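To start, the structure itself, in structure tokens.
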Amino acid sequence: MIRKRNTAQASNDEDEEVDHQLPTTSSEIDEKRGSVVHLIRRHQRRGRILFAVAVAVCVLLFSCISYCSLLKTTIASLLPQSSQLASYQNGIDLVSLTVSHDFFILFDQSAITSWLMHIQNIRSITFIGPPADYSLFAMNMKLYYPHLNFVSNDVPLDSLPKLPIRWVNETYWKEKYQSRYDCPYASACQQLIKLHSFELRTHLGLHDLSDNILILDSDTVWSRKVAFVENGRVTYFEVYNGTDVECNGMDPIQFTETITIGEDTSAEALFNSLLSQNLSVEEIRLTMEKAARSQKKKRTVTPYKACRRSEHPEASGARHIAHHMLFQYDVITHLHKTINKAWKTSSVWEASRKCYQHYSCKSRIAEYELYYSFLNEHYPERIHLETLKNTVNFMSGSAICDADEMHCCEEKGVLLKACHDHRVTQWKTNRTDFGDMCCERGIVA
């Protein structure tokens with residue numbers, strides 16, 4: 001008689017086969033019993049090994065998960081949080097004042113693209129402009145940069161997967177400052193807004209802006225990579241023209257030095273005294289300038305050292321107006337406190353207006369020179385200074401910033417080109433008047 005095949009034998013080729021014939025003797029029965037017991041014990045051992053392996057794997061996985069969780073928590077506790085993290089990672093936020101006249105360079109000539117390509121560690125870009133220009137700006141953003149986040153001001157940076165671009169109406173500064181104090185002269189309004197740019201964070205709800213704001217002109221196209229903040233130091237550029245070493249009427253000497261001194265009543269008294277004497281206008285001017293220099297030498301904390309004069313005979317003539325400058329929150333706060341204390345005012349805008357009423361303060365206003373002079377006086381250890389030469393590796397004024405031209409600039413190691421609206425207008429009238437150029441060109445159509 002034939003027995004059915006044992007299922008354990010059928011499922012495993014390695015197991016020994018059991019004879020299908022029934023045993024006939026006691027010895028055969030014992031032999032068969034031994035084979036069956038051997039197979040059972042073999043499967044039991046295999047089961048125990050598999051169970052032990054499974055337990056070991058589970059323990060290992062649990063340990064890995066626990067360790068990774070602990071490691072993540074530890075790293076998170078060691079790293080700075082939110083805005084501190086941005087500062088730790090050398091992140092910067094770009095702020096640019098703009099108007100519709102700049103949109104040709106900003107969009108058609110790809111200024112924004114050049115910023116993203118060459119300025120390292122950008123966290124966000126914020127434009128400040130007139131409300132009337134917003135709709136045109138928004139339309140161009142959708143047309144030229146649909147892949148970027150053009151967002152409202154109340155959206156936090158941490159919630160965005162891509163770099164955000166924001167627009168803030170200049171109305172805030174116009175209503176808070178200009179309507180009350182006006183501007184020393186018309187074009188100075190933009191300079192004063194830049195000096196108050198951190199109010200984007202402190203008063204206008206952009207709390208996620210870092211301590212590093214790069215102020216840059218919206219009509220600049222960049223062609224060389226630069227990291228502005230590294231290892232606690234900030235890169236600043238000075239521009240050397242080669243010929244303008246001596247001070248001239250464009251140097252903001254009086255304002256830069258007087259704004260941190262405060263009101264000088266003795267100068268007013270001297271001026272009134274000179275008026276009562278039989279002196280020429282030139283004699284009065286020279287006397288007042290001598291008195292002003294004497295006072296500034298004693299008290300100013302923002303000495304203007306860019307151009308050569310009797311106070312600074314070794315000056316190189318390199319200026320710091322390079323169409324951009326990185327402002328740091330603690331430095332600008334210190335500057336504001338210094339100026340407000342000197343003039344007994346509540347804002348730099350108000351102090352500027354009061355300062356400009358005095359003879360000793362009347363010069364061009366240059367926010368970049370003021371900030372750099374204060375920084376160099378109080379925080380020189382932060383400065384990493386690079387010198388540029390105009391028309392060689394820096395183009396201060398041009399009408400052409402198209403792709404071909406910027407390719408030439410990139411090959412020559414030029415940092416940036418400034419393509420001002422008035423330059424473009426002049427060029428349209430005279431096709432040979434295209435300003436500073438990287439490419440060699442004749443008449444450009």
Side-chain angles (χ1 to χ4, degrees), residues 96-97 184-185 187-188 190-192 194-195 197 214-224 226 228 234-260 289 293 296-297 300-328 331-332 335 352 355 361-380 382-398 409 413-420 422-423 435-436:
S96 181
L97 275 67
Y185 53 91
S187 60
Q190 277 207 345
Q191 278 69 34
L192 294 174
K194 293 174 187 177
L195 288 171
S197 58
L214 179 65
I215 307 291
L216 75 167
D217 295 353
S218 63
D219 54 6
T220 56
V221 185
W222 294 58
S223 54
R224 195 179 87 191
V226 57
F228 278 94
V234 181
T235 296
Y236 291 94
F237 294 93
E238 59 180 8
V239 180
Y240 179 66
N241 286 318
T243 56
D244 297 333
V245 176
E246 304 295 329
C247 297
N248 58 57
M250 293 298 291
D251 285 294
I253 301 171
Q254 286 77 19
F255 178 84
T256 301
E257 296 189 337
T258 304
I259 191 65
T260 56
E289 286 184 353
R293 287 197 298 270
K296 290 170 188 174
K297 187 175 181 180
T300 187
V301 294
T302 46
Y304 184 76
K305 303 177 181 179
C307 58
R308 191 171 298 167
R309 52 192 169 121
S310 58
E311 293 87 347
H312 304 289
E314 303 300 322
S316 68
R319 276 72 166 183
H320 306 94
I321 301 175
H323 303 298
H324 74 279
M325 183 163 285
L326 192 133
F327 288 177
Q328 292 189 297
V331 178
I332 203 77
L335 175 61
S352 300
C355 181
C361 193
K362 288 187 182 295
S363 71
R364 180 187 181 192
I365 294 176
E367 73 286 6
Y368 296 153
E369 293 288 10
L370 172 62
Y371 181 88
Y372 184 84
S373 296
F374 189 80
L375 179 75
N376 191 43
E377 191 74 6
H378 293 86
Y379 306 92
R382 297 191 189 184
I383 299 175
H384 169 68
L385 188 63
E386 294 187 19
T387 300
L388 302 172
K389 188 172 182 180
N390 194 36
T391 71
V392 177
N393 52 6
F394 178 84
M395 304 292 172
S396 62
S398 181
C409 291
V414 172
L415 179 68
L416 63 83
K417 283 198 74 174
C419 286
H420 302 305
H422 70 274
R423 289 275 188 177
D436 303 331

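Please read these numbers as outputs of a predicted model, since none were measured by experiment.
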Legend entry - Distance in Å, Asn393 CG paired with Ser223 OG, rounded so as to fall on 0.5 Å steps: 9.5 Å

Legend entry - Which atom of Gly317 lies closest to which atom of Tyr240, heavy atoms considered: C-CD1, 4.3 Å

Legend entry - Closest non-hydrogen atom pair between Ala315 and Ala306, with its separation: CB-O, 3.7 Å

Inset, instruction - Measure across Arg224 and Val414 and return the closest heavy-atom pair with its distance rounded to 0.1 Å. - result: CB-O, 3.4 Å

Legend entry - NZ on Lys305 to OG1 on Thr256, rounded to 0.5 Å: 13.0 Å

Legend entry - Least distance between heavy atoms, Phe228 atom then Val226 atom: CE1-CG1, 3.5 Å

Legend entry - Under 3.5 Å donor-acceptor, Ser218 side chain and Ser96 backbone: no

Legend entry - More than 12 heavy atoms of other groups within 6.0 Å of Lys389 NZ: no

Legend entry - Carboxylate-amine/guanidinium contact Glu257 Arg309, below 4.0 Å: yes

Inset, instruction - Could you tell me whether a side-chain N or O of Arg364 sits under 3.5 Å from a main-chain N or O of Met250, the two making a donor and an acceptor? - result: yes

Legend entry - Salt-bridge contact Lys194-Asp217 (side-chain N to carboxylate O under 4.0 Å): yes

Inset, instruction - Look at the rings of Trp222 and His324 and say which category their plane angle falls in: under 30° parallel, 30 to 60° tilted, over 60° perpendicular. - result: perpendicular

Legend entry - Rounded distance [0.5 Å steps], NE2 in His384 versus OG1 in Thr235: 4.5 Å

Inset, instruction - Keeping the roles fixed (side chain from Asp436, backbone from Gly397), state whether a donor-acceptor pair exists under 3.5 Å. - result: yes

Legend entry - Straight-line distance of Tyr371 OH to Leu195 CG, nearest 0.5 Å: 10.5 Å

Inset, instruction - Mind listing the closest non-hydrogen atom pair of Asp251 and Ser363 along with its distance? - result: O-CB, 4.3 Å

Inset, instruction - Taking Tyr368 for its side chain and Arg319 for its backbone only, find out whether a donor-acceptor pair lies under 3.5 Å. - result: no

Inset, instruction - Identify the two heavy atoms, one from His320 and one from Tyr372, that lie closest to each other, and give their separation to 0.1 Å. - result: NE2-CE2, 3.1 Å

Inset, instruction - Take the angle between the ring planes of Phe394 and His323 and call it parallel below 30°, perpendicular above 60°, tilted in between. - result: parallel

Legend entry - Chi angles and distances behind the side chain to side chain donor-acceptor pair (under 3.5 Å) call for Thr260, Thr302: CA-CA 7 Å; Thr260 56; Thr302 46; 2.8 Å; yes

